[in-house]
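One structure below.
Chain letters run A, B, ... following the sequence lines, proteins first, then strands; residues in each count from 1.
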Amino acid sequence: MAEDNLSRAEEKVEELSQSGGGHALAIGFYIAALVLIIGTALTLYGLLGPAAQQYKSLGININLWWGLFMVFFGCVVLGMSFASPRRRANRKAAAPGNDQNL
Amino acid sequence: MGTLALLQPQVSVDDSWLDYFIIGVYFLFVLGIGAVLRSRMRTSEDYFLSGRSLPSWVTGLAFLGANLGALEILGMGAGAAQYGIMTAHFYWIGAIPAMVFIALFMIPFYYGSGIVSVPGYLKRRYNEATRGFNAALFAIFMILLSGLNMYAMAIVFQLLLGWSITASILLSAGIIMAYVVMGGLSSSIFNEVLQFFLITLGLSPLVIFALVAAGGWSGLQETVGKPEFFHLWADTGSTDNPMAVQWFAIVFGLGFVMSFGYWCTDFLVVQRALAAEDLAASQRTPLIAAFPKILYGILAIFPGLIALSVFPELGQSPGLENSFNMAIPYVMAYYLPTGMLGLGLTALLASFMSGMAGNVTAFNTVWTYDIYRAYMRPDEPDGHYVTVGRMATVVGVLLSIGTAYAVLAFESILDYLQLLHGIFLAPLFATFLLGMFWRRTTPWAGFAGLVSGTVSGLALWGFELMGAISYGSPMAGNFWRAIWAWVICFGVTIIVSLLTSRSQKTDEELEGLVWGLTEKKEAVEPAWYKKPWVLAVIALGITIVLNIIFF
């Protein structure tokens, strides 16, 4: 079982380097991109949009602040996605599926 | 007066181009992912099992994403508005222990036996008849749920944005059809992961802002003015609580029968765990999902409680637009300005669509593997089944549109959902439990138990409709119905097993299918923080603390 896992993990790493991710695709990049686009749109609207947008949310510019949070979060996901395939390849067979702490 | 107050949030929905822009970006992503995945779908394993190649954080979040369909989100919000924080029992006594159980005990069976579907297990453990019965029932169950999703979505978007019901249904059906046909299970899973992030990012600010507005937890309690709505267990010694159930029905009916039945045997969620890249990742899938699930006991329940403070008239007059189901959408419209509203609506849209897509992918797998290949054309080349799976997707979506129009009047989504779960999944869980842990269970006993459990669930519901049986609340009915369906299936299976002992399968045939006859494979997992039992203990610990805090 252990050896089986090892060889499977190795195959997977090769697959990753050849096809750029197999089924694992780069889902992290899609998440990051979607969150960044929406976050940026909210931030800009919070900065440039009409002041009336605050009347509902207790006078807090929720578009601006949540937009900024989403931009930050998107950057974190993006960073981890960049780091992840390399980590997988480096650790090779040691532990398959290591990018779970995303 | 009541309706006026309820119309208020509709009138003041401030949507602008920005909200449509956010929804549009989401649609582009969904279709884009389907298009990218299309070229990677070569074999049927690719299409139906994602080639068993996904890392555990993806399958884990998809596992939860498939569960957190909009029916669940709207339903739990509605439940909170109707029954108070006792609805969190679905999370903190229901989901978490069951998720831990499936990770520790069920996944090694599923993953190790190499089966591709729950009916597939039933065939190997029991017989063809059991598999056929379950597959047919499950296909119907999925189409019913998918149609419900579509209908609920259409209602929300009609009320908040004024979209026509038909337009919403056709738009969502078209998009789902496109991306599932293209990318199969992978498409579905990736969209569930996207949806998980969207729904979390969309609901969190709502809960935070609404709590601030209400003056925190204690302020909320004062505004709502119903102290019994803020206790999980304190009033369950008798039926004198919002759900009208005692602790026994909660622990056994919800905590054991319904939740274990749902999490362990609903192929929709199990399928996600089977797509993981190896056994360790597969075992970790439900545990990774368990942590955000704990959080959703707050994210999905609190908006419902908040709805009570803002719209106390909710649920007092007939019609879906006045029902508890609208708790979360109304709170969104009330607190979120344009922009954030778009995010919230996109989150709901995403969860409706991924809910439907999940139903449709589970439907096409069971149809293709367990009905079409099993009974119609067993020996076709692999590519043929991919084509059939794609066609099943189209047919599944079309049938769902039909059911969407058929279920025009249901008052509480949560009750409806639990009704279906109780009838379809509770008996199945008894069949599984006996099949896995008692080697004497015979093939025809499994069939007899499953059929009698399902039929008695349906019969009980029929008696309730006729008024012959009544419970203190619809939810109490759900718990007791599930308990009886389970007990009858369990009992009949044991009795028939004892009577038909000669048709028992040999130990060799049962290897890998029954606990005592299966060599325990320890998944290789060097990192201590990723070991299943470590994650399990942490998840259970947090859950116990929450039960004490909100006791």
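Donor-acceptor pairing under 3.5 Å is lacking for the side chains of B:Ser354 and B:Asn191.
With respect to chain A, the highest number of heavy-atom pairs below 4.5 Å among B:Thr346, B:Leu194, B:Leu201 belongs to B:Leu201.
For A:Leu34, the parts sitting under 4.5 Å from any heavy atom of chain B are the backbone and the side chain alike. When heavy atoms are compared at a cutoff of 4.5 Å, B:Leu28 does not approach chain A at all. Heavy atoms of B:Leu343 lying under 4.5 Å from chain A belong exclusively to its side chain.
The side-chain contact (heavy atoms from CB on, under 4.5 Å) search around A:Leu36 returns A:Val71, A:Cys75, A:Leu78, not counting sequence neighbours.
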Which atom pairs, one a donor and one an acceptor, fall under 3.5 Å between side chains of residues 286-293 of chain B and the rest of the protein, sequence neighbours left out?
from     : atom 1 : to      : atom 2 : distance (Å)
B:Lys293 : NZ     : B:Asn67 : OD1    : 2.6
B:Lys293 : NZ     : B:Glu72 : OE2    : 3.0

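Between the B:Gln195 side chain and the B:Leu68 main chain, a donor and an acceptor come within less than 3.5 Å of each other.
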